[in-house]
Amino acid sequence: MPKKEQELKLLVTKETYDSLLTYADPDAPVLQQTNYYFDMPDFYMGKNGVMLRVREENGAWVLCAKIKQKSESAAVSSIELEQEIPANVFEAGRNNPEILVNLLPKEGQDAIRRLVSPSTLIIRGTLRNERRELNLIEGYTCELDRTSFPEDHIEYELEIEGMENEAACQHVMDAISSLGYSFTVNQKSKYQRLQEAISPFSS
């Protein structure tokens with residue numbers, strides 16, 4: 001089922017990351033994620049606001065397409081279509097991405113086919129991420145990420161879901177600031193940042 005995802009993405013330093021983890025829940029379970037991104041060699045889909053990803057997360061495989069939406073706030077907005085798939089479907093799809101595209105709801109298939117022929121897609125990049133869900137702000141899902149980018153570059157990020165408008169974004173940022181934590185508002189997805197890391201002059 002398509003869902004509208006509205007996330008506030010805040011980049012933090014390693015020191016803030018460590019402090020947030022200790023403050024919120026040092027024993028929070030860790031989700032080990034590996035993200036495989038499919039695109040054209042020149043990132044044509046990504047540059048046009050469409051992402052196709054398979055995520056392996058603690059042994060489960062999830063197929064996901066995201067279609068970027070215009071946002072009127074600090075949050076990043078997209079339509080998200082995802083479903084769990086067996087590992088053998090991913091193995092077949094990594095060499096024949098049309099298999100994966102055909103599993104998506106019509107909205108996702110149409111968004112991809114308007115831009116490219118699915119059979120020409122390749123795995124364009126991979127990211128590894130450690131995610132912890134924290135009880136940080138009442139009423140919001142807060143996910144603390146440690147993401148490994150190419151060239152051994154590590155980024156630390158706090159993602160907060162359910163941002164309905166700019167007032168909600170401001171409320172959450174004020175709450176985090178009141179706890180003494182600094183951050184940088186980030187409106188680029190991990191995939192956008194991966195594109196820049198792989199091909200810094202292509203955007």
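Computed from a predicted structure; not experimentally measured. All residue numbers refer to positions in the sequence shown, counting from 1.
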Side-chain heavy-atom pair [X], [Y] within 4.5 angstrom cut-off:
X: Arg193; Y: Glu157; result: yes
X: Thr147; Y: Asn35; result: no
X: Val12; Y: Tyr181; result: no
X: Ile198; Y: Arg124; result: yes
X: Leu158; Y: Cys142; result: yes
X: Leu104; Y: Leu52; result: yes

> For Asn135, does the CG atom sit with more than 12 other heavy atoms under 6.0 Å from it, leaving out its own atoms?
Replying inline: no
> Do other residues, nucleotides or ligands put more than 12 heavy atoms under 6.0 Å from the CZ atom of Arg128?
Replying inline: no
>> Testing the 3.5 Å rule here: is there a donor-acceptor pair between the side chains of Ser117 and Thr120?
In response: no
>> Do Gln170 and Asp174 pair up side chain to side chain, a donor and an acceptor below 3.5 Å, judged on atom types alone?
In response: yes
With sequence neighbours excluded, residues passing ring-ring contact (aromatic ring centres under 6.0 Å, His included) with [X]:
X: Tyr37; value: Tyr191
X: Tyr156; value: Tyr17
X: Phe90; value: Tyr36, Trp61

Please name all residues satisfying salt bridge (charged side-chain N to carboxylate O under 4.0 Å, His left out) with [X], sequence neighbours left out, ordered by chain then number.
X: Asp25; answer: none
X: Arg131; answer: Glu143, Asp145, Glu159
X: Glu91; answer: Arg94

Looking at [atom1] of [X] and [atom2] of [Y], how far apart are the two atoms once the value is rounded to the nearest 0.5 Å?
X: Glu72; Y: Glu166; atom1: CD; atom2: CD; value: 10.0 Å
X: Asp27; Y: Leu21; atom1: CG; atom2: CG; value: 8.5 Å
X: Ser71; Y: Met163; atom1: OG; atom2: CE; value: 11.0 Å

Are [X] and [Y] grouped together when hydrophobic residues (ILVMFWY) are joined by side-chain heavy atoms under 4.5 angstrom apart?
X: Val185; Y: Ile137; answer: yes
X: Leu81; Y: Phe38; answer: no
X: Ile67; Y: Val116; answer: no
X: Met51; Y: Leu121; answer: no
X: Val54; Y: Ile99; answer: yes

Between [X] (side chain only) and [Y] (backbone N and O only), is there a donor and an acceptor less than 3.5 Å apart?
X: Gln32; Y: Val30; result: no
X: Glu82; Y: Cys64; result: no
X: Asp39; Y: Met45; result: yes

Determine the minimum heavy-atom distance between [X] and [Y], stating which atoms define it.
X: Ser77; Y: Lys4; value: OG-CE, 3.2 Å
X: Pro29; Y: Arg132; value: O-CG, 3.7 Å
X: Lys66; Y: Ser78; value: CD-OG, 4.0 Å
X: Ile112; Y: Pro118; value: CG2-CG, 4.5 Å
X: Ile154; Y: Ser148; value: CD1-OG, 3.4 Å

